[in-house]
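Reckoned from all heavy atoms, side chains included, excluding hydrogens, waters and symmetry mates. Counting starts at 1 for both ligands and their atoms, following the listed order. Predicted model only: the values in this text are computed from it and were never measured.
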Amino acid sequence: MKAPVRVAVTGAAGQIGYALLFRIAAGDMLGPDQPVILHLLEITPALPALQGVVMELNDCAFPTLAGVVATDDVNVAFKDVDYALLVGARPRGPGMERKDLLEANGAIFGPQGKALNDHAKRDVRVLVVGNPANTNALIAQQNAPDLDPKCFTAMVRLDHNRALSQLAEKTGAHTTEIKKVTIWGNHSSTQYPDLHEATVKGKAALEQVDQAWYADTFIPTVQQRGAAIIKARGASSAASAASAAIDHMRDWALGTAEGDWTSMGIPSDGSYGIEPGVIFGYPVTVKDGKYAIVQGLKINEFSQARIDATNKELREERAGVEHLFAK
Ligand code: NAX
(Lines give C-alpha, C1' and ligand atoms only; values in the text may rest on other atoms or scores of the structure.)
Protein backbone atom coordinates (compact mmCIF):
# COMPACT_ATOMS: atom_id res chain seq x y z
CA MET A 1 0.00 0.00 0.00
CA LYS A 2 1.12 3.54 -0.79
CA ALA A 3 1.02 6.41 1.73
CA PRO A 4 -2.54 7.82 2.06
CA VAL A 5 -3.63 10.86 0.07
CA ARG A 6 -6.26 13.38 1.14
CA VAL A 7 -9.43 13.77 -0.93
CA ALA A 8 -11.89 16.58 -0.18
CA VAL A 9 -15.54 16.30 -1.23
CA THR A 10 -17.94 19.20 -0.72
CA GLY A 11 -21.70 18.72 -0.54
CA ALA A 12 -20.82 15.34 0.92
CA ALA A 13 -24.27 14.66 2.39
CA GLY A 14 -26.03 15.35 -0.92
CA GLN A 15 -27.23 12.79 -3.43
CA ILE A 16 -24.10 12.82 -5.61
CA GLY A 17 -22.01 12.68 -2.44
CA TYR A 18 -23.83 9.54 -1.35
CA ALA A 19 -23.05 7.85 -4.66
CA LEU A 20 -19.47 9.14 -4.76
CA LEU A 21 -17.90 8.70 -1.34
CA PHE A 22 -18.23 4.93 -1.14
CA ARG A 23 -16.59 4.46 -4.52
CA ILE A 24 -13.69 6.78 -3.69
CA ALA A 25 -13.26 5.00 -0.35
CA ALA A 26 -13.35 1.61 -2.09
CA GLY A 27 -10.43 2.54 -4.34
CA ASP A 28 -12.34 3.06 -7.60
CA MET A 29 -10.84 6.51 -8.16
CA LEU A 30 -7.17 6.10 -7.36
CA GLY A 31 -6.70 2.35 -7.36
CA PRO A 32 -6.77 -0.53 -4.87
CA ASP A 33 -3.24 0.23 -3.64
CA GLN A 34 -3.92 3.90 -2.80
CA PRO A 35 -5.45 4.57 0.64
CA VAL A 36 -7.44 7.77 1.00
CA ILE A 37 -8.32 10.08 3.86
CA LEU A 38 -11.68 11.68 3.06
CA HIS A 39 -12.26 15.33 3.99
CA LEU A 40 -16.01 15.93 3.88
CA LEU A 41 -17.45 19.45 3.82
CA GLU A 42 -21.08 20.32 4.43
CA ILE A 43 -23.08 23.31 5.57
CA THR A 44 -23.81 23.31 9.31
CA PRO A 45 -27.46 22.11 9.12
CA ALA A 46 -26.38 19.07 7.11
CA LEU A 47 -23.74 17.92 9.63
CA PRO A 48 -26.03 15.38 11.39
CA ALA A 49 -26.86 13.76 8.04
CA LEU A 50 -23.16 13.81 7.16
CA GLN A 51 -22.41 12.04 10.43
CA GLY A 52 -24.71 9.24 9.31
CA VAL A 53 -22.78 8.94 6.05
CA VAL A 54 -19.51 8.77 8.01
CA MET A 55 -20.96 5.96 10.15
CA GLU A 56 -21.83 4.03 7.00
CA LEU A 57 -18.40 4.65 5.48
CA ASN A 58 -16.80 3.23 8.61
CA ASP A 59 -19.20 0.28 8.56
CA CYS A 60 -17.95 -0.68 5.09
CA ALA A 61 -14.51 -1.45 6.59
CA PHE A 62 -12.89 -0.55 3.26
CA PRO A 63 -9.19 -1.58 3.11
CA THR A 64 -8.39 1.70 1.28
CA LEU A 65 -10.15 4.09 3.69
CA ALA A 66 -7.48 5.48 6.02
CA GLY A 67 -9.56 8.15 7.80
CA VAL A 68 -12.47 10.58 7.58
CA VAL A 69 -12.64 14.26 8.52
CA ALA A 70 -16.19 15.70 8.55
CA THR A 71 -16.54 19.45 8.96
CA ASP A 72 -18.42 22.64 8.12
CA ASP A 73 -15.15 24.64 8.11
CA VAL A 74 -13.74 25.09 4.61
CA ASN A 75 -10.24 25.70 5.99
CA VAL A 76 -10.25 22.34 7.76
CA ALA A 77 -11.79 20.60 4.76
CA PHE A 78 -9.05 21.70 2.35
CA LYS A 79 -6.05 21.37 4.68
CA ASP A 80 -3.27 19.55 2.82
CA VAL A 81 -5.63 17.96 0.30
CA ASP A 82 -4.27 16.33 -2.86
CA TYR A 83 -7.67 16.16 -4.59
CA ALA A 84 -10.80 18.27 -4.20
CA LEU A 85 -14.19 17.42 -5.69
CA LEU A 86 -16.42 20.48 -5.37
CA VAL A 87 -19.91 19.04 -5.61
CA GLY A 88 -21.99 21.19 -3.25
CA ALA A 89 -23.56 24.15 -5.02
CA ARG A 90 -26.59 26.37 -4.85
CA PRO A 91 -29.35 24.94 -7.07
CA ARG A 92 -31.53 27.24 -9.13
CA GLY A 93 -34.65 28.02 -7.07
CA PRO A 94 -38.07 28.95 -8.46
CA GLY A 95 -37.99 32.32 -10.22
CA MET A 96 -34.22 32.60 -9.81
CA GLU A 97 -32.50 34.42 -12.68
CA ARG A 98 -29.22 33.13 -14.11
CA LYS A 99 -27.54 36.23 -12.66
CA ASP A 100 -28.76 35.41 -9.13
CA LEU A 101 -27.62 31.81 -9.56
CA LEU A 102 -24.11 32.90 -10.58
CA GLU A 103 -24.00 35.33 -7.66
CA ALA A 104 -25.15 32.72 -5.11
CA ASN A 105 -22.54 30.28 -6.36
CA GLY A 106 -19.89 32.96 -6.31
CA ALA A 107 -20.47 33.18 -2.56
CA ILE A 108 -19.59 29.48 -2.32
CA PHE A 109 -16.81 29.04 -4.89
CA GLY A 110 -14.94 32.30 -4.16
CA PRO A 111 -14.23 31.38 -0.52
CA GLN A 112 -13.55 27.76 -1.48
CA GLY A 113 -10.97 28.90 -4.06
CA LYS A 114 -9.32 31.06 -1.41
CA ALA A 115 -9.28 28.20 1.11
CA LEU A 116 -7.69 25.90 -1.48
CA ASN A 117 -5.16 28.63 -2.19
CA ASP A 118 -4.30 28.91 1.51
CA HIS A 119 -4.41 25.27 2.62
CA ALA A 120 -4.29 22.69 -0.18
CA LYS A 121 -1.21 20.92 -1.57
CA ARG A 122 0.44 23.01 -4.30
CA ASP A 123 -0.34 20.36 -6.92
CA VAL A 124 -3.95 19.85 -5.80
CA ARG A 125 -6.26 18.56 -8.52
CA VAL A 126 -9.62 20.30 -8.31
CA LEU A 127 -12.77 19.07 -10.09
CA VAL A 128 -15.89 21.24 -9.99
CA VAL A 129 -19.14 19.30 -10.38
CA GLY A 130 -21.60 21.78 -8.85
CA ASN A 131 -23.42 23.81 -11.48
CA PRO A 132 -22.81 26.01 -13.37
CA ALA A 133 -19.66 23.88 -13.22
CA ASN A 134 -17.38 25.65 -15.71
CA THR A 135 -18.00 29.11 -14.31
CA ASN A 136 -17.88 27.92 -10.69
CA ALA A 137 -14.46 26.43 -11.49
CA LEU A 138 -13.40 29.77 -12.96
CA ILE A 139 -14.51 31.63 -9.82
CA ALA A 140 -12.56 29.22 -7.60
CA GLN A 141 -9.50 29.49 -9.86
CA GLN A 142 -9.63 33.28 -9.84
CA ASN A 143 -9.63 33.30 -6.04
CA ALA A 144 -6.54 31.08 -5.81
CA PRO A 145 -3.73 33.27 -7.17
CA ASP A 146 -0.95 31.17 -5.62
CA LEU A 147 -2.04 27.92 -7.28
CA ASP A 148 -1.31 26.94 -10.88
CA PRO A 149 -4.47 27.88 -12.83
CA LYS A 150 -4.31 24.41 -14.41
CA CYS A 151 -5.20 22.88 -11.02
CA PHE A 152 -8.83 23.84 -11.70
CA THR A 153 -11.09 21.76 -13.92
CA ALA A 154 -14.82 21.34 -14.51
CA MET A 155 -16.75 18.18 -15.23
CA VAL A 156 -17.94 17.47 -18.76
CA ARG A 157 -17.21 13.76 -18.34
CA LEU A 158 -20.84 12.90 -17.68
CA ASP A 159 -21.69 14.44 -21.06
CA HIS A 160 -18.80 12.48 -22.61
CA ASN A 161 -20.06 9.22 -21.11
CA ARG A 162 -23.61 10.00 -22.21
CA ALA A 163 -22.32 10.50 -25.75
CA LEU A 164 -20.54 7.11 -25.62
CA SER A 165 -23.72 5.47 -24.40
CA GLN A 166 -25.94 7.00 -27.10
CA LEU A 167 -23.52 6.08 -29.88
CA ALA A 168 -23.08 2.55 -28.51
CA GLU A 169 -26.83 2.02 -28.45
CA LYS A 170 -27.23 3.32 -32.00
CA THR A 171 -24.42 1.24 -33.52
CA GLY A 172 -24.82 -1.92 -31.43
CA ALA A 173 -21.26 -1.57 -30.17
CA HIS A 174 -20.06 -1.53 -26.57
CA THR A 175 -18.89 1.80 -25.15
CA THR A 176 -15.38 0.33 -24.84
CA GLU A 177 -15.28 -0.03 -28.64
CA ILE A 178 -15.79 3.72 -29.14
CA LYS A 179 -12.85 6.14 -29.15
CA LYS A 180 -12.18 9.85 -29.56
CA VAL A 181 -15.50 11.45 -28.68
CA THR A 182 -15.23 15.10 -27.62
CA ILE A 183 -17.42 17.40 -25.55
CA TRP A 184 -16.51 20.99 -26.40
CA GLY A 185 -17.35 23.97 -24.20
CA ASN A 186 -19.81 24.37 -21.38
CA HIS A 187 -21.55 21.72 -19.27
CA SER A 188 -24.91 23.11 -20.35
CA SER A 189 -27.29 22.70 -23.26
CA THR A 190 -24.86 24.65 -25.50
CA GLN A 191 -22.18 21.96 -25.14
CA TYR A 192 -21.08 20.44 -28.43
CA PRO A 193 -20.78 16.64 -28.49
CA ASP A 194 -18.50 16.08 -31.48
CA LEU A 195 -18.23 12.78 -33.36
CA HIS A 196 -16.04 13.95 -36.27
CA GLU A 197 -12.97 12.14 -34.91
CA ALA A 198 -14.85 9.35 -33.18
CA THR A 199 -14.46 5.72 -34.19
CA VAL A 200 -16.63 2.70 -33.52
CA LYS A 201 -14.75 -0.61 -33.73
CA GLY A 202 -11.92 1.26 -35.46
CA LYS A 203 -14.07 2.83 -38.21
CA ALA A 204 -15.24 6.43 -38.49
CA ALA A 205 -18.40 6.89 -36.41
CA LEU A 206 -19.94 9.34 -38.86
CA GLU A 207 -19.74 6.74 -41.63
CA GLN A 208 -21.84 4.40 -39.49
CA VAL A 209 -24.66 6.80 -38.60
CA ASP A 210 -26.42 9.25 -40.86
CA GLN A 211 -25.92 12.99 -40.58
CA ALA A 212 -29.59 13.61 -39.71
CA TRP A 213 -29.37 11.27 -36.70
CA TYR A 214 -26.13 12.95 -35.64
CA ALA A 215 -27.41 16.52 -35.95
CA ASP A 216 -31.07 16.12 -34.98
CA THR A 217 -31.11 13.24 -32.50
CA PHE A 218 -27.68 12.54 -31.05
CA ILE A 219 -26.56 16.11 -30.30
CA PRO A 220 -29.84 17.28 -28.67
CA THR A 221 -30.21 13.99 -26.75
CA VAL A 222 -26.77 14.39 -25.17
CA GLN A 223 -27.34 18.11 -24.56
CA GLN A 224 -30.74 17.50 -22.90
CA ARG A 225 -29.95 14.26 -21.10
CA GLY A 226 -29.83 15.90 -17.67
CA ALA A 227 -33.39 17.22 -18.10
CA ALA A 228 -34.58 13.80 -19.35
CA ILE A 229 -33.19 12.12 -16.22
CA ILE A 230 -34.94 14.66 -13.98
CA LYS A 231 -38.21 14.02 -15.81
CA ALA A 232 -37.90 10.24 -15.47
CA ARG A 233 -36.46 9.99 -11.97
CA GLY A 234 -37.88 13.08 -10.32
CA ALA A 235 -34.33 13.97 -9.26
CA SER A 236 -31.17 14.98 -11.09
CA SER A 237 -28.47 12.52 -12.17
CA ALA A 238 -26.56 11.32 -9.15
CA ALA A 239 -24.94 7.89 -9.57
CA SER A 240 -23.94 8.64 -13.16
CA ALA A 241 -22.57 12.04 -12.13
CA ALA A 242 -20.58 10.42 -9.32
CA SER A 243 -19.27 7.79 -11.72
CA ALA A 244 -18.19 10.48 -14.19
CA ALA A 245 -16.39 12.37 -11.41
CA ILE A 246 -14.50 9.17 -10.56
CA ASP A 247 -13.59 8.71 -14.24
CA HIS A 248 -12.38 12.33 -14.56
CA MET A 249 -10.14 12.13 -11.49
CA ARG A 250 -8.87 8.62 -12.25
CA ASP A 251 -7.81 9.60 -15.76
CA TRP A 252 -6.21 12.82 -14.49
CA ALA A 253 -4.24 10.89 -11.86
CA LEU A 254 -3.47 7.69 -13.74
CA GLY A 255 -3.60 8.72 -17.43
CA THR A 256 -5.80 8.18 -20.49
CA ALA A 257 -5.62 5.02 -22.58
CA GLU A 258 -3.20 4.85 -25.50
CA GLY A 259 -4.99 5.74 -28.77
CA ASP A 260 -7.91 7.45 -27.07
CA TRP A 261 -8.72 10.71 -25.32
CA THR A 262 -11.28 12.07 -22.91
CA SER A 263 -13.10 15.38 -22.39
CA MET A 264 -12.26 17.73 -19.53
CA GLY A 265 -13.30 21.28 -18.75
CA ILE A 266 -9.92 23.02 -18.43
CA PRO A 267 -8.57 26.57 -18.66
CA SER A 268 -8.61 27.68 -22.30
CA ASP A 269 -5.16 28.59 -23.66
CA GLY A 270 -6.02 29.83 -27.14
CA SER A 271 -6.25 26.33 -28.63
CA TYR A 272 -8.96 26.09 -31.30
CA GLY A 273 -9.43 29.85 -31.13
CA ILE A 274 -10.74 29.85 -27.54
CA GLU A 275 -8.99 32.79 -25.93
CA PRO A 276 -7.76 32.36 -22.34
CA GLY A 277 -10.25 33.28 -19.62
CA VAL A 278 -12.82 30.48 -19.49
CA ILE A 279 -12.94 26.85 -18.41
CA PHE A 280 -13.72 25.04 -21.65
CA GLY A 281 -14.47 21.42 -22.53
CA TYR A 282 -11.62 20.10 -24.72
CA PRO A 283 -10.36 16.75 -25.95
CA VAL A 284 -7.43 15.88 -23.70
CA THR A 285 -4.89 13.17 -23.11
CA VAL A 286 -3.21 12.70 -19.73
CA LYS A 287 0.30 11.42 -19.16
CA ASP A 288 2.34 11.45 -15.93
CA GLY A 289 -0.47 13.32 -14.17
CA LYS A 290 -0.55 16.23 -16.65
CA TYR A 291 -3.32 16.87 -19.13
CA ALA A 292 -2.70 18.21 -22.64
CA ILE A 293 -5.19 19.40 -25.24
CA VAL A 294 -5.29 17.22 -28.36
CA GLN A 295 -3.96 19.53 -31.07
CA GLY A 296 -4.32 19.68 -34.84
CA LEU A 297 -7.91 18.49 -35.25
CA LYS A 298 -9.70 19.84 -38.32
CA ILE A 299 -12.78 21.84 -37.36
CA ASN A 300 -15.39 22.13 -40.11
CA GLU A 301 -18.06 24.80 -40.42
CA PHE A 302 -20.70 22.68 -38.66
CA SER A 303 -18.43 22.19 -35.65
CA GLN A 304 -17.13 25.75 -35.62
CA ALA A 305 -20.62 27.25 -35.31
CA ARG A 306 -21.35 25.04 -32.30
CA ILE A 307 -17.98 25.71 -30.64
CA ASP A 308 -18.59 29.43 -31.13
CA ALA A 309 -22.05 29.21 -29.51
CA THR A 310 -20.84 27.47 -26.38
CA ASN A 311 -17.83 29.82 -26.15
CA LYS A 312 -20.20 32.79 -26.37
CA GLU A 313 -22.26 31.44 -23.48
CA LEU A 314 -19.16 30.91 -21.33
CA ARG A 315 -17.94 34.47 -22.06
CA GLU A 316 -21.36 35.79 -20.96
CA GLU A 317 -21.22 33.75 -17.76
CA ARG A 318 -17.71 35.06 -17.15
CA ALA A 319 -18.86 38.66 -17.59
CA GLY A 320 -21.49 38.03 -14.89
CA VAL A 321 -18.95 36.90 -12.29
CA GLU A 322 -15.82 38.95 -12.97
CA HIS A 323 -16.53 41.15 -9.96
CA LEU A 324 -16.09 38.04 -7.77
CA PHE A 325 -12.45 37.50 -8.84
CA ALA A 326 -9.68 38.29 -6.36
CA LYS A 327 -7.88 41.43 -7.50
P1 NAX B 1 -27.89 17.89 -3.49
O2 NAX B 1 -28.73 19.09 -3.27
O3 NAX B 1 -28.43 16.52 -3.22
O4 NAX B 1 -26.56 18.04 -2.61
C5 NAX B 1 -25.81 19.20 -2.54
C6 NAX B 1 -25.19 19.25 -1.16
O7 NAX B 1 -24.32 20.36 -1.12
C8 NAX B 1 -26.23 19.44 -0.05
O9 NAX B 1 -26.06 18.41 0.92
C10 NAX B 1 -25.88 20.82 0.52
O11 NAX B 1 -26.08 20.90 1.92
C12 NAX B 1 -24.41 20.93 0.16
N13 NAX B 1 -23.88 22.29 0.10
C14 NAX B 1 -24.51 23.43 -0.31
N15 NAX B 1 -23.72 24.50 -0.17
C16 NAX B 1 -22.56 24.03 0.33
C17 NAX B 1 -21.35 24.66 0.71
N18 NAX B 1 -21.18 25.98 0.61
N19 NAX B 1 -20.35 23.89 1.19
C20 NAX B 1 -20.51 22.55 1.32
N21 NAX B 1 -21.65 21.91 0.99
C22 NAX B 1 -22.64 22.63 0.50
O23 NAX B 1 -27.33 18.03 -4.97
P24 NAX B 1 -26.64 16.91 -5.89
O25 NAX B 1 -27.69 16.18 -6.64
O26 NAX B 1 -25.68 16.13 -5.07
O27 NAX B 1 -25.90 17.83 -6.97
C28 NAX B 1 -24.81 18.66 -6.63
C29 NAX B 1 -24.43 19.58 -7.76
O30 NAX B 1 -24.02 18.85 -8.89
C31 NAX B 1 -25.57 20.47 -8.25
O32 NAX B 1 -25.06 21.78 -8.43
C33 NAX B 1 -25.93 19.87 -9.58
O34 NAX B 1 -26.51 20.82 -10.45
C35 NAX B 1 -24.59 19.42 -10.05
N36 NAX B 1 -24.55 18.44 -11.16
C37 NAX B 1 -23.54 18.54 -12.05
C38 NAX B 1 -23.37 17.66 -13.10
C39 NAX B 1 -22.24 17.79 -14.06
O40 NAX B 1 -22.18 17.00 -15.01
N41 NAX B 1 -21.30 18.73 -13.93
C42 NAX B 1 -24.36 16.56 -13.31
C43 NAX B 1 -25.15 16.23 -12.10
C44 NAX B 1 -25.57 17.39 -11.24
O45 NAX B 1 -26.72 17.98 -11.83
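Between Val129 and ligand 1, an N or O atom pair is found at a separation short of 3.5 Å. Inclusion of Gly17 in the set of residues having an N or O under 3.5 Å from an N or O of ligand 1 is not warranted. At least one N or O atom of Glu42, backbone or side chain, sits closer than 3.5 Å to an N or O atom of ligand 1.
Nearest protein heavy-atom contact of atom 40 (O) of ligand 1 is His187 CE1, 3.0 Å. The protein non-hydrogen atom at the shortest distance from atom 5 (C) of ligand 1 is Gly14 CA, 4.2 Å. Distance from atom 19 (N) of ligand 1 to its nearest protein heavy atom, with residue and atom name: Gln112 NE2, 3.6 Å. The protein heavy atom nearest to atom 3 (O) of ligand 1 is Gln15 N, 2.9 Å. Regarding atom 27 (O) of ligand 1, its nearest protein heavy-atom neighbour is Ile16 CD1, 3.4 Å. The protein heavy-atom contact nearest to atom 15 (N) of ligand 1 is Ile43 CG2, 3.7 Å. The protein heavy atom nearest to atom 45 (O) of ligand 1 is Asn131 ND2, 3.7 Å. Of the protein's non-hydrogen atoms, the one nearest atom 18 (N) of ligand 1 is Ile108 CG2, 3.5 Å.
Of the possible donor and acceptor atoms, one in the side chain of His39 sits under 3.5 Å from a partner among the backbone N and O of Ala77. Judged by distance alone, the side chain of Asp159 and the main-chain N or O of Asn186 form no donor-acceptor pair under 3.5 Å. Remark: side-chain polar atoms of Trp261 are paired, donor with acceptor, to backbone N or O of Val181 under 3.5 angstrom.
No heavy atom of Gly226 sits closer than 4.0 Å to any atom of ligand 1. Taking a 4.0 Å cut-off on heavy atoms, Ala13 registers as neighbouring ligand 1. For Ser237, the closest heavy-atom approach to ligand 1 falls below 4.0 Å.
Contact atoms of ligand 1 toward Ser236: 25 (O) (distance under 4.0 Å to a heavy atom of the residue). Here is the list of ligand 1 atoms found below 4.0 Å of a heavy atom in Ala89: 32 (O). Residue-ligand proximity, Gly11 to ligand 1, at heavy-atom distances under 4.0 Å covers atoms 6 (C), 7 (O), 12 (C), 20 (C), 21 (N).
Both tests pass for Lys150 against the ring of Tyr291: distance under 6.0 Å to the centre and angle within 45° of the axis.
Electrostatic pairing of Asp82 and Lys121 counts as a salt bridge here, judged by a charged N lying under 4.0 Å from a carboxylate O. Salt bridge Glu316/Lys312: present, at least one basic N to carboxylate O contact under 4.0 Å. Here Lys99 does not pair with Glu103 in a salt bridge; the nearest charged N to carboxylate O distance is not below 4.0 Å. Residues Arg306 and Asp194 are not paired through a salt bridge, judged by the lack of any N-O separation under 4.0 Å between the basic side chain and the carboxylate.
A donor and an acceptor atom, one from each side chain of Asp251 and Thr256, are nowhere located under 3.5 Å apart. For the residue pair Arg125 / Thr153, no side-chain donor-acceptor distance below 3.5 Å is found, with atom types taken as modelled. There is no side-chain donor-acceptor pair under 3.5 Å between Asn136 and Asn131.
Looking at Arg157 against ligand 1, nothing comes within 4.0 Å, counting heavy atoms. Contacts between Met155 and ligand 1, counted as non-hydrogen atom pairs separated by less than 4.0 Å, involve both the backbone and the side chain.
A side-chain contact (heavy atoms from CB on, under 4.5 Å) with Val54 is found for one member of Leu38, Leu47, Leu40 and no other, namely Leu40.
Proximity of the aromatic rings of Phe152 and Phe109 is defined here by a centroid distance below 6.0 angstrom, and this criterion is not met.
Looking at Asn105, Leu158, Val87 and measuring to atom 29 (C) of ligand 1, the nearest heavy atom belongs to Val87.
There is a protein heavy atom closer than 4.0 angstrom to atom 21 (N) of ligand 1.
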